[in-house]
Protein chains: 2
Amino acid sequence: MTVTIKDIAKVAGVSKATVSRSLNDSPLVAETTRERIKDLADTMGFEFNANARSLSTSKTGTVGIIYPERFGKFGVSLYYSSLLNQIRDFLEKEELDNIVAFPRNRYTGESNIKRLIQSKKIDGLLIIHPNITDVDQKIMNFIEISKMPYVFLHHYPSFCDVETVDAIYTNHFGGGYDATKHLIDLGHRNIICLTSYGDSMEFRQRTEGYRAALIDNNIEINEDFIFRGYRDIGSGYKMIKENMDFIEKNNITGMFSQTDLMAIGVMEGLKEFGKKIPDDYSIVGYDDIEMVMDFKPNLTTIHQPREEIAILTCNRLLELINGVKSNKKVNISLSTKLIIRESTKKIE
Amino acid sequence: MTVTIKDIAKVAGVSKATVSRSLNDSPLVAETTRERIKDLADTMGFEFNANARSLSTSKTGTVGIIYPERFGKFGVSLYYSSLLNQIRDFLEKEELDNIVAFPRNRYTGESNIKRLIQSKKIDGLLIIHPNITDVDQKIMNFIEISKMPYVFLHHYPSFCDVETVDAIYTNHFGGGYDATKHLIDLGHRNIICLTSYGDSMEFRQRTEGYRAALIDNNIEINEDFIFRGYRDIGSGYKMIKENMDFIEKNNITGMFSQTDLMAIGVMEGLKEFGKKIPDDYSIVGYDDIEMVMDFKPNLTTIHQPREEIAILTCNRLLELINGVKSNKKVNISLSTKLIIRESTKKIE
DNA sequence: ATGAAAGCGCTAACAC
DNA sequence: GTGTTAGCGCTTTCAT
């Protein structure tokens, strides 16, 4: 039924070893036999048994992708989809399979990272995990001593000394700063900021950037100007609906929304109050998700270099898997980019 | 470094076989030894080597999920995210890993389905693939003769006799019919329909449902009332922007948009023309994606039973994997459900 | 350049 | 109940 190298060997009248060598392009085999064997394998419909091969070589040809725990939330998966598509594309080019898992099994509580490593199902690990808590510090150690190649991506590794892990992420402080600075440069002084509930490092950093930009420009920070939402469209909408009075009373003209989705909600809410964007309010989003182009006015936003993240991350993981010898960790903070579109305008 | 059953055997002073039996809950081992071995395995940090195990048992503990080719498109992945999350949840509960792949490697053109089966990387296959072309008919045959358990899901298997495959899908004809019928029941007679470019079976069926509902109610079908888009928000928006004249000239009052995303775009476009929904136009969407609730008015739409699909599909796959003997294929067409919200209204 | 044989870690007959 | 052994399909020394 399934054809193995033994079958090929029998038909070709050679040994298993020769078949193996031929199929693996070993230089230790005659050019002519190699070709003969390869042709034969083709016509017989041979494919390596991945398990046997892995058992023997300790290479699986698959990498694990660890999704963030909140991935199930609609807005979250939407946000990551583009990054994941890029990663998948890269892995496909390298003919690597990928196993998708959450940090822990949500039913048994067991660490999937640990299990995948120990059970030898993967050659490397791509970890998209916003914050590893101290509970998970054990796992970090485990990964390290297991020598399993890994790269953290997209999220700043807040759970440990940055220098001690491989990580590719974006500079959220800079992003928050640039967004706010842009509004200030356009003459806005009363700028509110819509961030996320919880204490995800990335959002904290964006807010720090917002604060820093205000301070650098001698604008007093008003803590009441900082709102919180669930990162989705509904949250932005709700924020406006519930605070329009406040916004008008305080002569707000600029808004920095730390996700594009919330910014879309903000615009929807504002429209319902008959407000014009950017005439009445200038809005800056964050992420530069594709969807933003489907709404008018097109949102000015902070672009996250997702393609770059994907490529750098995968390249690094491949290096690691292919055994580049070096104790140096690679640790890259990518700059975001302000994309000016139609939702911001100089104040008169 | 890694601990194997041999190590445990040595420490416990028993044979590998006994360790294996204990760890696999075989009844052929004494209760006391079982517990002793299990404790030992725990403290020694043992985990089965998946490759060795698979090689020996032909079970991998992972299933393959085949994504639709168009998955990379933003709107598409958004649309599937909820279904995938449900599936992943189910698999997690069963402690099954999942390998994600496209039907073919987009670089080498090689069939991933075939490769995954032959290389013995998976125990079963969940295939979300809208239409298998005649080129892929070979692959269908391959799957069948390989005896690899599989279930097609979400898409009606148009590429073959329905009775010959395991498939769980929704009744798109019924969905299209119900959406249109709802508008007719509300008094609308001039109803446009926004479907998708290309000839995806599901969209064709929705359109057939639209036609059938009109015919059943003695409303003449006007081919010009059928528009096409790319299933995303931008397409809905564009359709309105470009055809407002036509819409008004033809006294259109009802609109059936075959994706929620397009419906959102339609509403955005209509708002820009100062139109009120549902006062000026009644709109029915399709899919019932979560995002719909973030827009006002909340969209009346056709709910696709994604949770049911996920559960039925996974259950069936498990049956197959666990060797339920039966030559009967399971083939389920699930009904959609009309969800009436705020975007539709009785015509005066 | 090729073959023989051991071994990767586990399971499953088959003995005892 | 437990041990012994063969074998899953492949790679890789070590001979020749």
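Numbered from 1 within each chain, the chains take letters A, B, ... in sequence-line order.
- Closest non-hydrogen pair, A:Lys121 versus A:Thr62, comes out as O-OG1, 3.3 Å.
- Straight-line distance from the CZ atom of B:Phe48 to the C1' atom of C:dC8: 16 Å, rounded to whole Å.
- Partners of A:Glu319 according to the salt bridge (Lys or Arg N to Asp or Glu O under 4.0 Å) rule, which considers only residues two or more places apart in sequence or in another chain, are A:Arg316.
- Comment: B:Lys38 engages B:Asp25 in a salt bridge, judged by a side-chain N to carboxylate O separation of less than 4.0 angstrom.
- DNA chain D lies under 4.0 Å from at least one heavy atom of each of the following residues of residues 52-61 of chain A: A:Ala52, A:Arg53, A:Ser56, A:Thr57.
- Counted by atom type alone, B:Arg53 and B:Asn24 present one or more donor-acceptor pairs between their side chains at under 3.5 Å.
- For the pair A:Met44 CE and D:dG9 P, the interatomic distance rounds to 13 Å; values are reported in whole Å.
- Atom-to-atom, CG of B:Asn49 to P of C:dG7 comes out at 17 Å; the value is rounded to the nearest Å.
- In this structure, the side chains of A:Phe71 and A:Ile128 stay at 4.5 Å or more apart for every pair of heavy atoms.
- At a threshold of 4.0 Å, the pair B:Lys329-B:Glu144 counts as salt-bridged, since one of the basic side-chain nitrogens sits closer than that to a carboxylate oxygen.
- Two rings, from B:Tyr67 and B:His129, have their centers 6.0 Å or more apart.
- Ion pairing between a basic and an acidic side chain is recognised when a charged N comes within 4.0 Å of a carboxylate O; A:Arg115 and A:Glu110 show such pairing.
- If you take NZ of A:Lys6 and P of C:dG3, they are 15 Å apart, rounded to a whole angstrom.
- Going from atom CG of A:Asn51 over to atom C1' of C:dG9 covers 12 Å, rounded to whole Å.
- Atom-to-atom, NZ of B:Lys120 to P of D:dC8 comes out at 13 Å; the value is rounded to the nearest Å.
- In this structure, CG on B:Leu318 lies 5.0 Å from CZ on B:Phe90, to the nearest 0.5 angstrom.
- Following rounding to the nearest Å, A:Ile37 (CD1) and D:dC10 (P) show an atom-to-atom distance of 13 Å.
- Listed by residue number, B:Arg21, B:Leu28, B:Val29, B:Ala30, B:Thr33 are the residues of residues 19-35 of chain B with a heavy-atom contact under 4.0 Å to DNA chain D.
- Residue B:Lys16 is classed as a base contact, given a heavy-atom separation below 4.0 Å to a base.
- If you find the closest nucleotide of DNA chain D to A:Thr2 and to B:Ser15, the one lying nearer the 5' end belongs to B:Ser15.
- Residue A:Ile8 contributes atom CD1, which lies 13 Å from atom P of D:dG9 at whole-angstrom precision.
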